[in-house]
Amino acid sequence: MNNPSETPDFSVVTGATVHRVLDGAQRDVCDLVERTYLLHGEAGTVNPPSYFLRFPDRPTARIIALPASVGGGRPVDGLKWIASFPTNLDRGIPRASAVLILNDPVTGYPYACLESSIISAVRTAASAAVAARALAGDRPAPRRVGYVGTGLIARYLHDYLSVLGWEPEEFGVYDLSREYAEGFAGHVRAAADGAAVRVHDTAEDLIRSSDVVVLATTAAAPHLTDPSWFAHHPLVLHVSLRDLGTDVILDSVNVVDDIEHVLKADTSVHLAEQHTGGRDFIDGTLYDVLTGKVAAPADRTVVFSPFGLGVLDLAVGDFVHSRARERGALTVVDGFFHDLERHRSPVTQGGAR
């Protein structure tokens, strides 16, 4: 980040640069995300509620503001502004778009704007990988990993789960769109290292045959409602948050990233809270698991539901900005801040008169 004694500057980090910095950095990013979760659990961050901008004339669309502040050894403040317009898929462009603004914690000046759809996907995938690593510790290594939902985020999830050292015998794939499912299956096959890849005809079939279930859909309401589908007690990475019915949630061990954040916006756990009138069905947070306060049993279905924390975006964004600066890959916007000199005191301009 900027040296606060310097004149503030402002730079842009393009999506191409973000991709180059993060490509191949999965292990570094997972470790960074885990450290950020620990810092968050120790009250070393500020993560206010997200703000949802909705549109009466476009009910499926929303833009979300995630302000946050990260303390510790690399402090940074900032804001992610992420749009989700599902109708973009009909236009042939991705559903989500985002920018991330980084602010200097000393001066408050924004010093960078980063393309953030990649950062958002990466921090989501790294979060799931960190959770899987922690929650699967007492389970046998998974032989079958299944993906429900095969969009862009599923590709990032697969890439990040692949660094955990698991060696599944089979990957399962299911999507409402057979075309999407076949495309994702090709992506998995390209790095499957001999494992079989199977496209399932139903979500039920995939779930019943998977040790780890990764939910990455665009569902707005629960559609996986039968607890018997989970009778074999898989680990469920509930990344899309609204897939599981209340009966499934209440029949599972539930771990979340942040209790106050996830119990809103009609997530599956929010609906379960409304149904029961309490929160006792939530067994703990990922911080609790990482610090040994909560253990994930192998003989119960375990569901991880991450709402997504702005502090993770900031941590990954600062990582990208720092690496891009080292590589000379920042696009500096000269003169972005105008007429700064007239606010300097005589002392700062050249000593006492």
Side-chain angles (χ1 to χ4, degrees), residues 47 49-50 52 54 59-60 62 64 66 82 84 86 95-96 120 123-125 127-128 130-132 134-136 145-151 153-154 157 174-176 202-204 206-208 210-289 294 296-297 300-309 312:
N47 204 104
S50 304
F52 286 71
R54 301 186 185 275
T60 64
R62 63 184 187 233
I64 311 170
L66 289 82
I82 182 166
S84 175
R95 170 185 61 84
S120 188
R123 67 83 151 139
T124 299
S127 169
V130 169
L135 294 169
V145 176
Y147 294 88
V148 179
T150 58
I153 187 62
L157 286 162
Y174 172 75
D175 196 286
L176 292 175
T202 67
E204 178 184 358
L206 179 144
I207 291 167
R208 288 186 181 274
S210 298
D211 304 313
V212 175
V213 178
V214 184
L215 302 177
T217 76
T218 58
H223 57 103
L224 308 173
T225 58
D226 188 344
S228 71
W229 295 8
F230 303 83
H232 58 299
H233 305 314
L235 169 61
V236 182
L237 303 175
H238 190 197
V239 175
S240 37
L241 289 171
R242 297 173 179 85
D243 302 277
L244 300 177
T246 294
D247 288 343
V248 176
I249 291 292
L250 297 181
D251 197 46
S252 304
V253 172
N254 289 280
V255 176
V256 302
D257 55 354
D258 184 288
I259 293 174
E260 296 301 327
H261 281 76
V262 78
L263 292 175
K264 64 176 63 173
D266 291 334
T267 63
S268 292
V269 288
H270 184 207
L271 296 177
E273 180 193 34
Q274 294 174 11
H275 177 79
T276 63
R279 303 177 174 185
D280 291 345
F281 62 90
I282 294 180
D283 295 88
T285 65
L286 182 53
Y287 172 80
D288 295 329
V289 176
V294 169
R300 295 275 308 280
T301 299
V302 175
V303 176
F304 175 58
S305 299
F307 193 76
L309 301 178
L312 301 181

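Bear in mind that the values here come from a model prediction, so they are computed numbers and not experimental data. Just so you know, residue 1 is the first one in the sequence shown, and it goes up from there.
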Engineer: Identify, with sequence neighbours excluded, every residue that meets side chain to side chain contact (heavy atoms under 4.5 Å, CB included) alongside D288.
Structural biologist: T285, K293, V294
Engineer: Measure from the side-chain N and O atoms of D283 to the backbone N and O of N254, and report whether any donor-acceptor pair falls under 3.5 Å.
Structural biologist: yes
Engineer: For the backbone of I64 and the side chain of S50, can you confirm whether one donor and one acceptor N or O come within less than 3.5 Å of each other?
Structural biologist: no
Engineer: Examine distances only and state if a side-chain atom of D243 and a backbone atom of A219 form a donor-acceptor pair shorter than 3.5 Å.
Structural biologist: no
Engineer: Does V303 reach the side chain of L244, with side-chain heavy atoms less than 4.5 Å apart?
Structural biologist: yes
Engineer: Provide the closest heavy-atom pair for L286 versus A131 in the form atom of the first, atom of the second, distance.
Structural biologist: CD1-CA, 3.8 Å
Engineer: Verify side chain to side chain contact (heavy atoms under 4.5 Å, CB included) between L241 and F307, making sure each step is shown before the conclusion.
Structural biologist: CA-CA 7 Å; L241 289 171; F307 193 76; 3.9 Å; yes
Engineer: So I207 and L224, do their side chains get closer than 4.5 Å, heavy atoms only?
Structural biologist: yes
Engineer: Determine whether S252 and V236 make a side-chain contact, defined as any pair of heavy atoms from C-beta on separated by less than 4.5 Å.
Structural biologist: no
Engineer: Looking at W229 and H232, what are the two nearest heavy atoms and their distance?
Structural biologist: O-CE1, 3.2 Å
Engineer: Could you tell me if the side chain of L263 sits less than 4.5 Å from the side chain of I282, heavy atoms only?
Structural biologist: yes
Engineer: So, the side chain of T301 versus the backbone of F230: is there a donor-acceptor pair under 3.5 Å, distance only?
Structural biologist: yes
Engineer: Under the side-chain hydrogen bond (donor to acceptor under 3.5 Å, both in side chains) test, which residues partner R95, sequence neighbours left out?
Structural biologist: S84
Engineer: Can you check whether L309's main-chain N or O pairs, donor with acceptor, with N47's side chain at less than 3.5 Å?
Structural biologist: no
Engineer: Just checking, is any N or O donor in the side chain of R208 or S228 under 3.5 Å from an acceptor N or O on the other one?
Structural biologist: yes
Engineer: What heavy-atom pair brings V145 and S210 nearest, and what distance separates the two atoms?
Structural biologist: C-OG, 4.2 Å
Engineer: Taking the side chain as every heavy atom from C-beta outward, state whether V269 and I249 have any pair of such atoms under 4.5 Å apart.
Structural biologist: yes
Engineer: Is there side-chain contact between D226 and E204, with heavy atoms separated by less than 4.5 Å?
Structural biologist: no
Engineer: Hey, could you give me the CZ/OG1 distance between R242 and T217, rounded to the nearest 0.5 Å?
Structural biologist: 9.5 Å
Engineer: Quick check: does any side chain N or O of T124 sit under 3.5 Å from a backbone N or O of S120, one acting as donor and the other as acceptor?
Structural biologist: yes
Engineer: Apply side chain to side chain contact (heavy atoms under 4.5 Å, CB included) to residues L157 and L237 and explain how you reach the verdict.
Structural biologist: CA-CA 10 Å; L157 286 162; L237 303 175; 6.0 Å; no
Engineer: Do the side chains of D258 and Y287 get nearer than 4.5 Å, heavy atoms only?
Structural biologist: no
Engineer: When rounded to the nearest 0.5 angstrom, what distance separates CZ in R300 from NE2 in H233?
Structural biologist: 8.0 Å
Engineer: In Å and rounded to the nearest 0.5 Å, what is the CG to OH distance from D175 to Y147?
Structural biologist: 14.0 Å
Engineer: So does H223 have more than 12 non-hydrogen atoms from other groups sitting under 6.0 Å from NE2?
Structural biologist: yes
Engineer: Looking only at heavy atoms, what is the nearest atom pair of D257 and G308, with distance?
Structural biologist: OD2-N, 2.8 Å
Engineer: Got a donor-acceptor contact below 3.5 angstrom from the S305 side chain to the H238 backbone?
Structural biologist: no
Engineer: Where is the tightest heavy-atom contact between F304 and L135, given as atom of each residue plus distance?
Structural biologist: CB-CD1, 3.8 Å
Engineer: Could you check whether any side-chain heavy atom of D266 comes within less than 4.5 Å of a side-chain heavy atom of L271, counting everything from C-beta outward?
Structural biologist: yes
Engineer: Looking at residues at least two apart in the chain, or sitting in another chain, which of them share a salt bridge (charged side-chain N to carboxylate O under 4.0 Å, His left out) with R279?
Structural biologist: E260, E273
